[in-house]
Amino acid sequence: MKLVVIGNGMVGHKLLEELMAANHADLEITVLCEEPRPAYDRVHLSEFFNGKSAEQLSLAAPGFFEQPGLELRLNARAVGIDRARKQVLTAAGETLRYDKLVLATGSTPFVPTIPGNDRPACLVYRAIEDLEAMTDWGTRSKIGVVVGGGLLGLECAKALRDMGLQTHVVEFAPRLMAVQMDDGGGRMLQRKIEELGLTVHTQKSTLAIVDGEAARHRMQFADGSHLDTDMIVFSAGIRPRDELARQSELGVGERGGIRIDNFCRTRDRDVYAIGECALWGGKLYGLVAPGYEMARIVAAHLGALLQRTQAAPLPEFAGADMSTKLKLLGVDVASIGDAHGATPGSRTYQFSDERRQVYKKLVVSGDGKQLLGGVLVGDAAEYGTLLQMMLNGIALPEAPEFLILPSADGHARPGLGVDALPASAQICSCNNVSKGQLCEAVSAGARSIGALKTATKAGTSCGGCVPLATQIMKAEMKRQGLAVNNHLCEHFACSRQELYHLVRVERIRRFDELLARHGKGLGCDICKPAVASILASCWNEFVLQKEHASLQDSNDYFLANIQKDGTYSVVPRMAGGEVTPDGLIAVGQIARKYGLYTKITGGQRVDMFGARLEQLPSIWEELIAAGFESGHAYGKSVRTVKSCVGSTWCRYGVQDAVGTAIDLENRYKGLRSPHKLKFAVSGCTRECAEAQGKDVGVIATEKGWNLYVCGNGGMKPRHAELLAGDLDTPTLIAYIDRFLMFYIRTADRLQRTSVWRDNLEGGLEYLKDVIVRDSLGLAAELEAQMRLVVDTYECEWKKAVSDPQTRRRFRHFVNSDAADGNVAFVAERGQIRPATMEEKRDRSRRIPATVEAP
Amino acid sequence: MHDSAETRSWTAVCALDDIVPDTGVCALVDDAQVAVFRVGERDLYAIANVDPGAGAAVLARGLVGSLGERIVVASPITKQHFDLRTGECLEAPQHSVRVWQASLRDDGQVLVGTVPR
Ligand SMILES: Cc1cc2nc3c(=O)[nH]c(=O)nc-3n(C[C@H](O)[C@H](O)[C@H](O)COP(=O)(O)OP(=O)(O)OC[C@H]3O[C@@H](n4cnc5c(N)ncnc54)[C@H](O)[C@@H]3O)c2cc1C
Ligand code: SF4
Ligand code: SF4
């Protein structure tokens with residue numbers, strides 16, 4: 001079968017993914033894509049302004065379009081369909097034959113017919129090129145106007161404001177988000193948005209755009225007033241791209257849109273239409289989830305035709321729920337079902353709190369039994385529950401108002417238990433995951449929200465369903481009798497986070513004390529180092545102090561990394577990867593003297609292997625004399641801050657990457673944390689230091705620094721996410737202080753920031769709230785705590801070598817000066833390596849482990 | 001080996017104060033590496049120092065603790081647990097190790113019991 005797909009947008013691409021995943025033998029697909037790049041994530045388009053690149057927004061997995069049977073043509077626009085000959089004509093004059101054709105052409109922004117709407121700096125907001133134009137004009141503008149106060153318009157206004165423009169929103173209707181909001185909600189939203197420094201003009205109809213006086217343009221309104229602005233972005237709705245269908249008489253609606261049936265077929269049985277260009281039951285769907293649903297339906301339909309099977313009843317499109325929840329300019333907004341109470345006989349309940357600026361409304365059926373819709377502004381925590389109640393027709397409680405009223409202690413009521421939901425309830429609409437599938441994944445072993453995401457994909461797109469998915473997971477674990485147990489170990493019946501809290505609140509400084517008050521037994525190799533780390537990050541006392549000594553695992557006890565043969569590796573700190581020639585020579589001489597194997601690490605420093613326990617203090621004495629400090633390679637602590645040479649040497653660099661890396665490394669060196677922490681600083685967006693693969697990544701911009709967090713390399717790579725952009729250096733440091741301390745407080749034992757982040761309810765937005773917007777009011781405390789750690793830093797090795805008591809520990813035998821006869825090396829590539837078991841038996845090949853005379 | 005107290009000879013390896021409470025040291029006793037542990041103030045235990053799973057002489061450097069009723073040390077390399085009273089390796093019984101007697105002399109010296117040759 002020859003299939004031609006016109007349009008490689010979000011929905012068209014979903015279709016390709018579904019078809020390719022099914023591995024059909026006899027299918028040849030040609031994709032015409034008008035844009036210069038394959039499909040990208042339009043839903044998260046605005047992240048382009050936060051530094052996400054076009055590649056990062058791409059939806060096409062690497063190698064996707066190299067699969068056999070699939071051909072993608074970029075910059076290829078379809079200009080005609082000849083249904084009689086079953087051909088598509090392209091702008092380049094080519095004709096493509098098809099057996100089946102799918103139109104996935106999306107829509108175009110609607111630009112009102114106002115004289116002057118084609119002046120320069122009059123833009124739209126739909127494709128990556130549009131955003132590039134906005135960025136470009138933004139740098140040459142002071143004032144910006146968005147025409148249209150809907151969902152997209154407000155998102156666009158945020159982008160303008162973030163660019164530093166004085167921003168106005170001009171709306172024709174009497175309120176913002178007229179489709180989703182009622183008057184009360186629209187008013188509350190407007191107030192909140194105006195508080196953020198934006199100006200909202202409602203009930204304004206623009207007559208003309210002419211030359212301005214104070215700025216590039218002047219908008220003249222029907223009420224006689226005017227507004228001067230440098231740039232204008234139209235976001236006044238969308239129009240389906242149905243021109244091909246009109247021309248080939250496929251049947252379009254009065255207000256546009258290609259008419260389709262339940263299988264997404266047009267009037268012509270061989271032509272389908274899906275996504276925003278399609279009109280089903282007289283309705284257009286401007287959201288991605290219904291489009292994905294259509295893509296799945298067409299994939300199933302084509303699949304059945306290809307297999308020639310009379311498959312079990314094929315899925316049919318049955319309309320889609322248009323409820324939405326989003327964060328606009330930091331304000332939670334949600335609209336559910338019949339938000340306007342348009343259903344005859346419906347009743348409404350409203351709650352409004354002017355001080356906290358929260359507005360909530362419920363629409364219920366006349367008999368009070370069913371939830372029909374709702375509006376939430378300022379606090380949308382109940383969205384998930386309310387949506388499920390509406391979709392699944394769950395009977396309302398006696399007094400439905402309590403679903404939105406705050407309870408006496410200031411917390412909103414949790415709503416109905418998730419147990420009430422049927423297994424078929426769709427929890428993640430982006431990826432079509434039901435409650436039943438989540439429960440199955442729990443049975444199969446997914447016991448954390450991170451594992452659940454990996455297993456089911458739920459919550460991996462927009463993330464809106466994560467709180468509900470978490471509740472379902474917990475409920476299911478309880479139901480299966482799995483203790484929802486995050487106890488550290490058998491000695492402490494609480495999580496690391498709870499222990500941390502106890503240590504701080506009760507000001508506990510010793511393990512014994514904590515064990516006596518809150519634990520049992522003697523402790524073990526799990527809780528002891530965990531508590532040692534908590535004590536260190538709270539009080540920062542010398543880790544080898546007698547009281548703490550027995551808590552440290554071997555690496556922390558001997559301040560070195562144990563290797564497979566019981567010898568240790570030694571890593572001096574080279575902050576930012578910077579080292580002088582003299583420093584390098586000293587390291588080389590010491591390594592030669594003690595016969596150590598040397599290697600450059602991934603963190604830009606030198607690692608020396610094969611040191612025996614009794615050699616460690618003298619090796620360190622010499623390193624310290626040469627000006628080095630402990631590199632903390634042994635601890636669960638800050639490892640390195642990798643850097644590129646930045647603006648100092650590199651012709652592309654825009655900031656001093658090395659200087660900042662050194663400052664950061666010196667600031668956080670020695671900080672104890674739940675797991676190791678890696679940093680990097682790049683001098684420009686070329687990102688040579690690979691900062692986006694680190695726990696904390698800093699990338700220079702023209703204006704300052706972009707801060708990325710929670711990335712990881714290693715076993716499970718994860719891209720770091722932008723926490724905040726264009727920061728000056730003091731703000732950068734304040735945010736990193738807060739971020740690190742917040743992680744240290746709340747993470748589980750041995751949980752890297754990446755896993756911690758995947759399990760964080762509320763996700764990145766929540767993290768931004770806490771770190772950037774200080775929603776928990778914790779910022780000052782977190783910073784003060786970090787200051788204590790920074791101010792009390794001491795090089796552990798300096799302390800250890802100068803303390804005779806500690807030094808005595810570094811002997812292999814307590815009653816002899818002999819060396820450990822069990823350690824043996826052999827030569828390889830001019831250096832030592834540990835001998836294997838066989839080599840140890842054959843004594844002749846061994847290298848005596850002696851110290852060379854200086 | 002069931003040696004009666006009379007046939008056993010004792011080797012003094014160090015002073016009690018040489019062992020930080022809840023840690024171990026390694027002693028050389030008749031050419032054997034013995035890991036001697038001090039648990040709490042004055043409970044003493046002695047097992048072989050080589051972790052058979054790793055082939056490295058490191059058990060004296062492990063973390064001491066309890067698992068249920070057992071008092072154990074965790075190997076710093078393999079993380080396997082060894083019962084200080086019996087030498088049993090909890091995760092892999094084939095890696096269990098030899099045990100020595102250990103006691104405290106009145107003058108504060110730590111003694112490891114050896115079988116006379
Ligand atoms: C800024 C922004 C934010 C959004 N946020 C959300 C959100 O939060 N939630 C949500 O659900 N939805 C959101 N949407 C809507 C969502 O992006 C769309 O519903 C979705 O992209 C529709 O997919 P589609 O494939 O139908 O159309 P598109 O993604 O627009 O793809 C259509 C493609 O077809 C191409 N094309 C058109 N005609 C031709 C032709 N003749 N020949 C070749 N190619 C052609 C177009 O160039 C385009 O690449 C947002 C949209 C925007 C612009
Ligand atoms: S990241 Fe930029 S500044 Fe740094 S080395 Fe690469 S190109 Fe140069
Ligand atoms: S990748 Fe594996 S083998 Fe290599 S250093 Fe890390 S833990 Fe060791």
Side-chain angles (χ1 to χ4, degrees), chain A residues 489-491 511-512 515 519-529 532 544-558 560-568 612-613 634 805-806 808-824 834-838 840, chain B residues 11-29 31-40 43 48-82 84 90 109-110 112:
Chain A
C489 63
E490 64 178 65
H491 305 104
F511 179 77
D512 301 355
L515 191 68
K520 60 166 196 253
L522 296 180
C524 65
D525 53 314
I526 292 179
C527 58
K528 283 182 169 184
L544 293 190
Q545 204 165 300
K546 201 166 169 228
E547 299 84 345
H548 307 316
S550 68
L551 307 181
Q552 315 292 349
D553 66 28
S554 175
N555 285 356
D556 268 307
Y557 192 70
F558 295 114
N561 267 15
I562 196 164
Q563 301 299 324
K564 58 193 281 189
D565 63 342
T567 63
Y568 290 84
R612 296 151 161 285
L613 190 56
Y634 43 83
Q805 195 62 34
T806 307
R808 285 183 49 208
R809 211 178 269 179
F810 293 87
R811 285 189 292 177
H812 186 69
F813 293 112
V814 70
N815 59 346
S816 159
D817 287 333
D820 176 3
N822 208 46
V823 171
T836 61
M837 293 282 190
E838 293 85 69
K840 277 191 194 174
Chain B
T11 307
V13 295
C14 63
L16 184 66
D17 286 348
D18 289 334
I19 316 181
V20 176
D22 297 316
T23 70
V25 296
C26 171
L28 194 59
V29 180
D31 281 343
Q33 294 201 19
V34 182
V36 185
F37 298 92
R38 172 178 176 189
V39 177
D43 288 350
N49 191 36
V50 174
D51 170 357
V58 293
L59 290 184
R61 304 179 204 160
L63 267 170
V64 176
S66 64
L67 288 180
E69 293 304 305
R70 295 173 188 255
I71 297 180
V72 296
V73 64
S75 163
I77 294 181
T78 59
K79 308 288 174 196
Q80 293 183 336
H81 297 91
F82 295 83
L84 294 187
L90 271 52
Q109 283 290 304
V110 174
V112 172

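Lettering follows sequence order; numbering is per chain, from 1. The figures here come from the full heavy-atom set of this structure, side chains too, leaving out hydrogens, waters and symmetry mates.
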request  = Report the option among A12(B), P21(B), C26(B) that has the most heavy-atom pairs separated by less than 4.5 Å from atoms of chain A.
outcome  = C26(B)

inquiry  = For D565(A), which atoms come within 4.5 Å of any heavy atom of chain B: side chain, backbone, both, or neither?
reply    = backbone

query = Given side chains that start at C-beta, do those of V36(B) and V112(B) come closer than 4.5 Å, heavy atoms only?
reply = yes

message = I'd like to know which of A74(B), A57(B), P76(B) tops the heavy-atom pair count under 4.5 Å against chain A.
response = A57(B)

message = With a 4.5 Å cut-off on side-chain heavy atoms, are H81(B) and D525(A) touching?
response = yes

message = I need the minimum non-hydrogen distance between F82(B) and S75(B), along with the two atoms involved.
response = CE1-CB, 4.1 Å

Pick from C14(B), A27(B), G40(B), A56(B) with the largest number of heavy-atom pairs that fall under 4.5 Å of chain A = A27(B)

message = Under a 4.5 Å cutoff for heavy-atom pairs, which residue among I562(A), N555(A), D512(A) has the most contacts with chain B?
response = I562(A)

task = Could you look at V25(B) and say if it's the side chain, the backbone, both or neither that has a heavy atom under 4.5 Å from chain A?
result = side chain

ask   = Non-hydrogen atoms of chain A under 4.5 Å away: do they reach the side chain of I19(B), the backbone, both or neither?
value = neither

task = Just do the side chain to side chain contact (heavy atoms under 4.5 Å, CB included) check on C527(A) and F511(A) with the steps written out, would you?
result = CA-CA 9 Å; C527(A) 58; F511(A) 179 77; 4.2 Å; yes

Region of N49(B) that comes under 4.5 Å of a non-hydrogen atom in chain A = side chain

task = Would you mind telling me which of S554(A), C524(A), P529(A) has the largest number of heavy-atom pairs within less than 4.5 Å of chain B?
result = S554(A)

query = By a 4.5 Å heavy-atom criterion (distance strictly below it), what part of V73(B) contacts chain A: side chain, backbone, both, or neither?
reply = neither

message = Can you tell me which portion of L28(B) sits under 4.5 Å from chain A's heavy atoms? Options are side chain, backbone, both or neither.
response = both

inquiry  = Show me the pairs that pass side-chain hydrogen bond (donor to acceptor under 3.5 Å, both in side chains) and involve residues 16-28 of chain B, at least two apart or across chains.
reply    = R808(A)-D18(B)

key: Heavy-atom contact with chain B under 4.5 Å, split by part of K528(A)   = side chain

Listing, residues 58-66 of chain B side-chain donor-acceptor contacts under 3.5 Å, not counting sequence neighbours, or none:
from   : atom 1 : to      : atom 2 : distance (Å)
R61(B) : NH1    : G566(A) : O      : 2.9
R61(B) : NH1    : Y568(A) : OH     : 3.1
R61(B) : NH2    : H812(A) : ND1    : 3.1
S66(B) : OG     : H491(A) : NE2    : 3.0
S66(B) : OG     : L522(A) : N      : 2.9

message = Less than 6.0 angstrom from the centroid, inside 45 degrees of the normal: does R809(A) satisfy that with respect to the ring of F558(A)?
response = no

request  = Could you tell me which portion of L613(A) (side chain, backbone, both or neither) has an atom closer than 4.5 angstrom to a non-hydrogen atom of chain B?
outcome  = side chain

inquiry  = Just so I know, are the side chains of I526(A) and E490(A) near enough to count as touching, which here means a heavy-atom distance under 4.5 Å?
reply    = no

ask   = Going from CZ on R38(B) to CG on D43(B), what distance comes out if it is rounded to the nearest 0.5 angstrom?
value = 10.0 Å

